[in-house]
Participant: 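Sharing a structure with you now.
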Amino acid sequence: MTRDIAPDAPQVSAAEQRMLTDWVFRDRESMEQRFGMEMSKIIALYNSDEGKKQLLEQMKLMDPSLNGDVDHAADLVQENIEQLEHKKSFFEKVMHLPIDAAHGIGKAGEFVWNHKLLALAAIGVAAWQLPNLLRILASIEGFEAGGALAKSGEYLRSFLPFAAGKTGVVADAVIQPLPGTL
Amino acid sequence: MHTTLYLTTEEQNMFRALSNDLQDGWIVQDTSLVLEDDRTIAVRAHMAQFDNPEMQKAADALSSATKAEEFSHIASMVRFDAFEPEQLAELFFVLGVKTMTGFIGYLLLSASKDEDIEAVAYISSIRTLLSETNSEPTL
């Protein structure tokens, strides 16, 4: 028996997606290249009203189609800078773990691979394929209604970005051992 | 082998609901988490640099999937077990504390063997590092 995946509303609007594609930079170098200044200078501009005004004007020149969205784009760039810093910090923590602990990240990768629903969720989030990921997970829950996979899968889905409903909503109802897993 | 599970209060309740055999031998350490919001995860996903073609092929397959039954095939397309540590760090950074919390709940709710709890130990350990990172001030 096969089940069609039910249509669903996209979780990220086309305008938001365009903003993410155009104004999120993979690394410090690509951001500095686009803005024509070092990241420390961009951060300094964010930290004063006058500087931020100057930055917004520059972004409008860089992309005239931004129009009324320039504040949104500036917020996104600010978040991007924060996450570049967090990424650097996280990598330093992971890469400087003692040998035994460093082995752990490889083990974690094995466990994700071993649990197909986790592997699917990892692909869906990392490759930013959320609408179809959420639809597939919802469809599996319907297919397996009442089963262990459906309940634990519903819990997992509730923690994914842009999932509808309350995060962790099913936890209280399913805190009991469930037979079987993927 | 990691023997410590870093669990929230809710997760500790899930763990205590498991059979005694599954609970045996693990040390539970209480943890509180700093979760990301959805926009942060979106930004991280667009920052990610997965250079392996498997990921792109799996993304394409997921974007065009029309049947729920395709999920197992798609999930098998990316060999996470063969990822280098740097690639795994990239993956867990993108997934965030939030998605990893979903993973840990999934594993605790469906645990049937010791390896499932071992997976919780490793993933919760990485989650703790990322939660600490999330709490660091930046700009």
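So you know, we letter chains A, B, ... as the sequences are listed, proteins then strands, and number each from 1.
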Participant: Is a side-chain donor or acceptor of B:Asp81 paired with a backbone partner of A:Gly109 at a separation under 3.5 angstrom?
Facilitator: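 Not confirmed, B:Asp81 side chain does not pair with A:Gly109 backbone.
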
Participant: Step by step, work out the side chain to side chain contact (heavy atoms under 4.5 Å, CB included) result for B:His46 and A:Arg26.
Facilitator: CA-CA 7 Å; B:His46 286 78; A:Arg26 287 184 158 190; over 6 Å; no

Participant: Report which part of B:Ser125 has an atom under 4.5 Å of a heavy atom belonging to chain A: side chain, backbone, both, or neither.
Facilitator: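 Interface part for B:Ser125: neither.
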
Participant: Look at the side chain of A:His86 and the backbone N and O of B:Thr133, then say whether any donor-acceptor pair between them is shorter than 3.5 Å.
Facilitator: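 Yes, A:His86 side chain to B:Thr133 backbone: donor-acceptor pair under 3.5 Å.
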
Participant: So which part of B:Glu90 gets closer than 4.5 Å to some heavy atom of chain A, the side chain, the backbone, both or neither?
Facilitator: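 Answer is both: backbone and side chain atoms of B:Glu90 are under 4.5 Å from chain A.
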
Participant: Quick one: does B:Phe71's side chain get under 4.5 Å of A:Leu117's, heavy atoms only?
Facilitator: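 They are in contact (side-chain heavy atoms under 4.5 Å apart), so the answer is yes.
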
Participant: Under a 4.5 Å heavy-atom cut-off, does chain A meet the side chain of B:Arg79, its backbone, both or neither?
Facilitator: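 For B:Arg79, backbone and side chain are both near chain A.
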
Participant: Considering non-hydrogen atoms only, spot the tightest contact between B:Gly105 and A:Tyr155 and give its length.
Facilitator: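 Closest approach of B:Gly105 to A:Tyr155: CA-CE2, 3.2 Å.
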
Participant: Under the criterion side chain to side chain contact (heavy atoms under 4.5 Å, CB included), I'd like the reasoning laid out for A:Lys107 against B:His2: C-alpha separation, chi angles, the key distance, then a yes or no.
Facilitator: CA-CA 10 Å; A:Lys107 291 292 290 183; B:His2 274 308; over 6 Å; no

Participant: Please find the pair of heavy atoms, one from A:Leu156 and one from B:Gly102, that lie closest to each other, and give the distance.
Facilitator: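 Distance-wise, the nearest heavy atoms are CD1-C, 3.7 Å.
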
Participant: What is the minimum heavy-atom distance between A:Ala119 and B:Phe80, and which atoms define it?
Facilitator: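 Distance-wise, the nearest heavy atoms are O-CE1, 3.7 Å.
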
Participant: Could you check if a side-chain atom of A:Asp27 sits within less than 4.5 angstrom of a side-chain atom of B:Met47, using non-hydrogen atoms only?
Facilitator: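 Counting from C-beta outward, A:Asp27 and B:Met47 never come under 4.5 Å.
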
Participant: Side-chain contact, heavy-atom cut-off 4.5 Å: B:Arg39 with A:Asp75?
Facilitator: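 They are in contact (side-chain heavy atoms under 4.5 Å apart), so the answer is yes.
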
Participant: For B:Phe103, which residues count as a ring-ring contact (aromatic ring centres under 6.0 Å, His included) partner, sequence neighbours excluded?
Facilitator: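 B:Phe103 satisfies ring-ring contact (aromatic ring centres under 6.0 Å, His included) with no other residue.
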
Participant: In terms of heavy-atom contacts, does CD of A:Glu50 have more than 12 from other residues, nucleotides or ligands at under 6.0 Å?
Facilitator: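 Atom CD in A:Glu50 is not packed in, count stays at 12 or less.
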
Participant: Does atom CD of A:Glu38 have more than 12 heavy-atom neighbours from other groups under 6.0 Å away?
Facilitator: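 Check fails, neighbour count at 12 or below.
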
Participant: Pick from B:Met55, B:Gln49, B:Arg16: which one has the most heavy-atom pairs with chain A under 4.5 Å?
Facilitator: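 The residue among B:Met55, B:Gln49, B:Arg16 with the greatest pair count is B:Gln49.
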
Participant: Name the member of B:Ile74, B:Val94, B:Thr40, B:Asn134 that forms the most heavy-atom pairs with chain A at distances under 4.5 Å.
Facilitator: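 Looking at each of B:Ile74, B:Val94, B:Thr40, B:Asn134 in turn, B:Thr40 comes out on top.
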
Participant: When you check the side-chain N and O atoms of B:Asp116 and A:His115, is any donor under 3.5 Å from an acceptor?
Facilitator: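 Their side chains do contain a donor-acceptor pair, which is all the 3.5 Å distance test asks for.
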
Participant: Can you confirm whether more than 12 heavy atoms, excluding those of B:Glu86, are under 6.0 Å from its CD atom?
Facilitator: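 Yes, the 6.0 Å shell around CD holds more than 12 heavy atoms from other groups.
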
Participant: How close do B:Val43 and A:Val24 get, counting heavy atoms only, and between which atoms?
Facilitator: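 Minimum heavy-atom contact is O-CG1, 3.6 Å.
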
Participant: What part of B:Gln56 lies closer than 4.5 angstrom to a heavy atom of chain A: side chain, backbone, both or neither?
Facilitator: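 Neither part.
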
Participant: Rounded at 0.5 Å granularity, tell me how far CD in B:Glu69 sits from OG in A:Ser139.
Facilitator: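 It is 7.0 Å, given to the nearest 0.5 Å.
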
Participant: Please tell me whether B:Phe92 and A:Val125 are part of a single hydrophobic cluster in this structure, the criterion being side-chain heavy atoms less than 4.5 Å apart.
Facilitator: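 B:Phe92 and A:Val125: one cluster.
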
Participant: Closest heavy-atom contact between A:Gly106 and B:Leu88?
Facilitator: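 Shortest heavy-atom contact: CA-CD1, 3.7 Å.
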
Participant: I'd like to know which of B:Ser63, B:Ala58, B:Pro85 tops the heavy-atom pair count under 4.5 Å against chain A.
Facilitator: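 Ranked by contacts with chain A, first place is B:Ser63.
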
Participant: Spell out, yes or no, whether B:Tyr6 and A:Leu118 are grouped together once hydrophobic residues are joined by side-chain heavy atoms under 4.5 Å, including indirect joins.
Facilitator: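 B:Tyr6 does not cluster with A:Leu118.
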
Participant: Do other residues, nucleotides or ligands put more than 12 heavy atoms under 6.0 Å from A:His72 NE2?
Facilitator: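 Atom NE2 in A:His72 is crowded, with more than 12 foreign heavy atoms closer than 6.0 Å.
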
Participant: State the OH-NZ distance between B:Tyr106 and A:Lys151, to the nearest 0.5 angstrom.
Facilitator: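 So the gap between those two atoms works out to 14.5 Å.
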
Participant: Quick one: of A:Glu85, A:Glu16, A:Gln129, who has the most non-hydrogen atom pairs under 4.5 Å with chain B?
Facilitator: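 If we count pairs closer than 4.5 Å to chain B, A:Gln129 comes out on top.
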
Participant: With a 4.5 Å cut-off on side-chain heavy-atom distances among I, L, V, M, F, W and Y, is there a chain of contacts connecting B:Val34 to B:Met100?
Facilitator: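 Different hydrophobic clusters.
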
Participant: Can B:Ile126 and A:Phe90 be said to form a side chain to side chain contact (heavy atoms under 4.5 Å, CB included), step by step?
Facilitator: CA-CA 10 Å; B:Ile126 295 164; A:Phe90 177 63; 3.9 Å; yes

Participant: Using non-hydrogen atoms and a 4.5 Å limit, figure out which bit of B:Glu115 sits close to chain A: side chain, backbone, both or neither.
Facilitator: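 Answer is both: backbone and side chain atoms of B:Glu115 are under 4.5 Å from chain A.
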
Participant: Tell me, yes or no, whether the heavy-atom count around A:Asp49 atom CG, taken from other residues, nucleotides or ligands under 6.0 Å, exceeds 12.
Facilitator: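 Atom CG in A:Asp49 is not packed in, count stays at 12 or less.
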
Participant: What pair of heavy atoms forms the shortest contact from A:Ala108 to B:Ile123, and how long is it?
Facilitator: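 Looking at all heavy atoms of both residues, the closest pair is CB-CG1, 4.2 Å.
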
Participant: Do B:Leu5 and B:Leu107 sit in the same hydrophobic cluster, where Ile, Leu, Val, Met, Phe, Trp and Tyr count as joined when their side-chain heavy atoms come under 4.5 Å apart?
Facilitator: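 Yes, one cluster joins them.
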
Participant: Any chance you could measure A:Ile123, atom CD1, to B:Lys57, atom NZ, to the nearest 0.5 Å?
Facilitator: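 Result: 13.0 Å between the selected atoms.
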
Participant: Check whether A:Phe25 gets within reach of chain B through its side chain, its backbone, both or neither, counting any heavy atom under 4.5 Å.
Facilitator: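 Backbone only.
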
Participant: Quick one: does B:Thr99's side chain get under 4.5 Å of A:Phe159's, heavy atoms only?
Facilitator: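 Heavy-atom side-chain distance check fails, nothing below 4.5 Å.
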
Participant: Do B:Ile41 and A:Leu160 come close enough that some side-chain heavy atom pair is under 4.5 Å?
Facilitator: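 The answer is no; the side chains never approach within 4.5 Å.
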
Participant: Is chain A contacted by the side chain of B:Leu130, its backbone, both, or neither, given a heavy-atom distance below 4.5 Å?
Facilitator: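 Contact with chain A involves both backbone and side-chain atoms of B:Leu130.
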
Participant: Decide, yes or no, whether a salt bridge links A:Glu79 with B:Arg44 under the criterion of side-chain N to carboxylate O below 4.0 Å.
Facilitator: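 A salt bridge is absent here (no side-chain N lies under 4.0 Å from a carboxylate O).
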
Participant: How long is the straight-line distance from CD of B:Glu70 back to CG of A:Leu120, given to the nearest 0.5 Å?
Facilitator: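 One finds 10.5 Å between CG of A:Leu120 and CD of B:Glu70.
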
